[in-house]
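Notes follow the structure.
Keep in mind that this is a model prediction, so the values were computed, not measured.
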Amino acid sequence: MLEPLYPLPSGEVRCGRIHDCDGLYDAAPASIAYQHAYQHIVPAMAVAAWRHDWGGAQLANDFWILLAMVIYFAAMLFIGFIYSKRSNSSSKEYFAGGRGVGPWLTALSAEASDMSGWLLMGLPGLAYFTGAADPMWTAVGLALGTYLNWKLVARRLRRYSVVTDDAITIPDFFAKRFHDKKGVVSTIAAVIILVFFSVYVGSCFVTVGKLFATLFGFDYHVMMIIGAVVVFVYTVVGGYLSVVMTDFIQGMLMFFALAVVFIGTVASAGGVDNTVEFLRAIPGYLSGTQVAAPKLDPATGQQLVEAGKAVFGAPSDYGIITIISMLAWGLGYFGMPQVLVRFLSIRSVEEVRKSRIIATSWCVISLGCAVCIGLVGRAMMPTELLTSTDAETIFIVLAQTLLPSFMCGVVVSGIFAASMSSSSSYLIIGASAMGENIFRGLLHRKATDKQVMIVARVTLVVMFLFGILVAYDQNSSIFQVVSYAWAGLGASFGPLMLCSLYWRRANKAGAVAGMLSGTAAVLIWHNLVKPLGGVFAIYELLPAFIISLLFIVVVSLLTAKPNKRMLYEFDHYMDDPLPGTLPSGTVLVDEPMEAMESEVRSGK
């Protein structure tokens with residue numbers, strides 16, 4: 001009889017069934033994970049050997065998986081071409097969809113572009129390697145952040161953007177909110193977006209490379225570049241509307257993929273009770289206040305395996321500081337341009353509430369499934385993925401193990417969907433920042449829409465190449481790359497967005513100080529302060545967010561008050577009708593306060 005890698009505390013052995021792409025086997029329960037059974041599963045670390053054993057059968061499986069993915073890719077490119085004519089009609093259509101996007105498209109495209117490949121790879125990988133605490137508290141923070149962002153920001157930003165001369169990008173909104181005629185605010189915002197989004201794009205390309213390398217054993221670098229090219233082509237051709245439409249489809253696919261793999265994994269593991277009982281045998285693995293500590297081989301960096309069992313040391317404590325640190329992920333939402341731009345493009349402020357319900361529900365369920373997939377994956381395959389980087393492929397390996405070939409192809413397309421939706425959003429927002437805010441806003445104020453879009457597409461090429469450079473290291477951790485960029489954007493724009501919408505005394509000097517201090521704080525804390533450990537090991541987003549907020553408040557109070565026109569816009573942007581919906585020139589011209597109020601009252 002085969003020995004279980006982690007015997008149940010009761011000593012009981014239960015039979016289960018493990019399903020690979022060719023059929024069903026009677027085998028040890030996945031929750032107890034017998035070593036012999038894994039010789040017939042498709043572990044990421046043994047793809048080549050597995051192929052040798054299965055020969056033509058595996059080749060046929062690869063064909064069906066690849067066919068499903070090719071069909072998906074073709075559909076995404078087709079959507080890009082369908083929307084290309086409308087998107088290219090003006091920069092407003094290209095960058096914001098003409099403000100005609102409905103609630104379902106807005107909600108799911110916002111969540112799909114926000115979550116990216118880390119939802120299907122980074123988060124499950126973290127859960128698989130270190131247990132529940134880190135991913136659970138991160139997921140709680142993100143769910144709260146999603147709800148609060150839609151509740152506190154979406155409606156107000158949509159209305160204020162109309163008042164501020166129909167702003168269609170986030171840097172554009174900040175510049176017009178603070179009447180920055182010299183383009184200082186928008187230029188700083190655009191540069192910050194370009195820097196951190198280029199890193200973000202790289203993290204998405206890492207996901208693509210790992211996906212194909214794990215599925216088919218193809219070269220990581222070749223597959224990463226091919227996937228990046230697919231994303232680049234449909235982003236360049238289609239603009240914002242194609243991005244939103246594909247994000248909607250990809251959001252649905254990501255939800256489906258998570259649900260299918262989660263349900264299948266729990267069923268194959270012998271049910272919830274078996275899985276929980278098995279995982280409790282790993283010290284600190286299911287605790288919310290402890291982190292499991294895999295023992296690593298100093299020479300290889302891989303987790304040690306002794307007598308067929310993955311070795312864990314004593315769990316480390318997960319104190320209140322660390323919990324707060326993970327919850328702080330939610331603060332990032334207030335400054336995420338890829339989400340905020342969806343608020344600008346929604347068809348009507350009356351549809352924000354419906355979008356909020358859809359987005360929050362999607363977020364909570366998807367995050368919960370992602371965390372649970374990683375946990376149950378450890379029960380099914382406790383010794384197969386021995387580094388934190390390899391652990392990020394657990395979703396792919398489970399999909400191969402549990403599903404028929406074509407269905408596996410559909411489900412793992414969810415990973416590519418996540419990467420496509422996110423990287424395309426980052427590319428289009430980075431391009432809009434360069435074209436609208438730096439080129440037209442600072443360098444060439446009389447530029448035509450055609451010239452702006454040419455500059456935007458050149459920017460896409462530069463970001464595309466930089467993203468490939470970032471992604472070229474196949475040992476990059478998706479979760480770590482994303483967390484760094486998330487902190488940078490959240491601290492740079494989050495406090496400023498909240499002050500822009502809720503504090504009338506905020507001014508241009510405070511806005512500049514807030515963005516620069518937030519960016520600097522993230523860079524300094526991450527590289528110099530965080531390595532000190534202890535209380536300083538807190539996630540850099542939280543201290544940087546606080547520092548940025550303090551700079552906005554202090555600098556705004558120490559410098560000149562906003563002019564009357566700016567204050568009037570702030571005081572009335574939530575009014576019905578919106579000041580910006582009155583005839584052109586009513587509010588958006590410099591004139592005495594009394595004259596503006598008189599025109600609004602008279603309806604001129």
Does [X] reach the side chain of [Y], with side-chain heavy atoms less than 4.5 Å apart?
X: Tyr160; Y: Val163; answer: yes
X: Phe173; Y: Met497; answer: yes
X: Leu542; Y: Leu327; answer: no
X: Ser186; Y: Lys176; answer: no
X: Leu498; Y: Leu549; answer: no
X: Tyr285; Y: Pro315; answer: no
X: Tyr72; Y: Leu253; answer: yes
X: Val410; Y: Leu403; answer: no

(request) Go through Val201 and Phe466 one step at a time and tell me if the side-chain contact (heavy atoms from CB on, under 4.5 Å) criterion holds. (result) CA-CA 8 Å; Val201 168; Phe466 185 80; over 6 Å; no
Can you tell me if [X] has over 12 outside heavy atoms packed within less than 6.0 Å of its [atom1]?
X: Phe536; atom1: CZ; answer: no
X: Arg505; atom1: CZ; answer: yes
X: Phe334; atom1: CZ; answer: yes

Do [X] side-chain atoms and [Y] backbone N/O form a donor-acceptor pair below 3.5 Å?
X: Thr459; Y: Ala431; value: no
X: Arg158; Y: Val349; value: no
X: Tyr573; Y: Leu501; value: yes
X: Trp362; Y: Gly251; value: yes
X: Arg155; Y: Lys151; value: no
X: Ser556; Y: Ala506; value: no
X: Tyr484; Y: Tyr200; value: no
X: Arg177; Y: Ser500; value: yes
X: Trp137; Y: Gly288; value: yes
X: Ser548; Y: Gly514; value: yes

When rounded to the nearest 0.5 angstrom, what distance separates [atom1] in [X] from [atom2] in [Y]?
X: Asn149; Y: Leu142; atom1: CG; atom2: CG; result: 11.5 Å
X: Leu340; Y: Leu344; atom1: CG; atom2: CG; result: 7.5 Å
X: Asn507; Y: Asp180; atom1: CG; atom2: CG; result: 11.5 Å
X: Asp317; Y: Thr289; atom1: CG; atom2: OG1; result: 7.5 Å
X: Phe262; Y: Cys372; atom1: CZ; atom2: SG; result: 4.5 Å
X: His526; Y: Ser483; atom1: NE2; atom2: OG; result: 7.0 Å

(request) Evaluate the ring pair (Phe, Tyr, Trp, His ring centres under 6.0 Å) criterion for residues Phe196 and Trp486: first the C-alpha distance (whole Å), next the side-chain angles of each, then the deciding distance (0.1 Å), finally the verdict. (result) CA-CA 8 Å; Phe196 286 111; Trp486 183 270; over 10 Å; no
State, to 0.1 Å, how close [X] and [Y] come at their nearest heavy-atom pair, and which atoms those are.
X: Gly131; Y: Leu375; answer: C-CD2, 3.8 Å
X: Phe255; Y: Ser366; answer: CD1-OG, 3.6 Å
X: Ile193; Y: Phe493; answer: CG1-CE1, 3.5 Å
X: Gln290; Y: Tyr318; answer: N-CB, 3.5 Å
X: Met463; Y: Ser198; answer: CG-OG, 3.8 Å
X: Phe545; Y: Gly490; answer: CD1-O, 3.8 Å

(request) Check whether the ring centres of Phe570 and Trp503 lie less than 6.0 Å apart, and answer yes or no. (result)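 No, ring centres 6.0 Å or more apart.
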(message) Looking only at side-chain N and O atoms, does Tyr147 offer a donor or acceptor that is under 3.5 Å from a partner on Arg356?
(response)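 Result is no, nothing qualifies.
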(message) Could you walk me through whether Val191 and Ile438 satisfy the side-chain contact (heavy atoms from CB on, under 4.5 Å) test, starting with their C-alpha distance in whole Å, then the side-chain angles of each, then the deciding distance to 0.1 Å, before giving a yes or no?
(response) CA-CA 9 Å; Val191 170; Ile438 296 179; 4.2 Å; yes
(message) Ser492 vs Thr519, test: side chain to side chain donor-acceptor pair (under 3.5 Å). Steps then yes/no.
(response) CA-CA 5 Å; Ser492 300; Thr519 302; 2.7 Å; yes
(request) Report yes or no: is the cationic atom of Arg378 (NZ for Lys, CZ for Arg) closer than 6.0 Å to the six-membered ring centre of Tyr128, at no more than 45° off its axis? (result)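 Ring-cation test returns yes.
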(message) Distance to the ring centre below 6.0 angstrom and angle to the axis at most 45 degrees; does that hold for Arg156 and Tyr502?
(response)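 The answer is yes; both the distance and angle limits are met.
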(request) For Leu119 and Leu258, run side-chain contact (heavy atoms from CB on, under 4.5 Å): C-alpha distance rounded to whole Å, both residues' side-chain angles, the deciding distance at 0.1 Å, then the answer. (result) CA-CA 9 Å; Leu119 175 66; Leu258 285 164; 3.8 Å; yes
(request) Would you please test Trp525 and Ile538 for side-chain contact (heavy atoms from CB on, under 4.5 Å) and show each step? (result) CA-CA 9 Å; Trp525 197 281; Ile538 196 168; 3.9 Å; yes
(message) Does Tyr333 form a side chain to side chain donor-acceptor pair (under 3.5 Å) with Thr146? I'd like the steps, not just the answer.
(response) CA-CA 7 Å; Tyr333 276 109; Thr146 296; 3.2 Å; yes
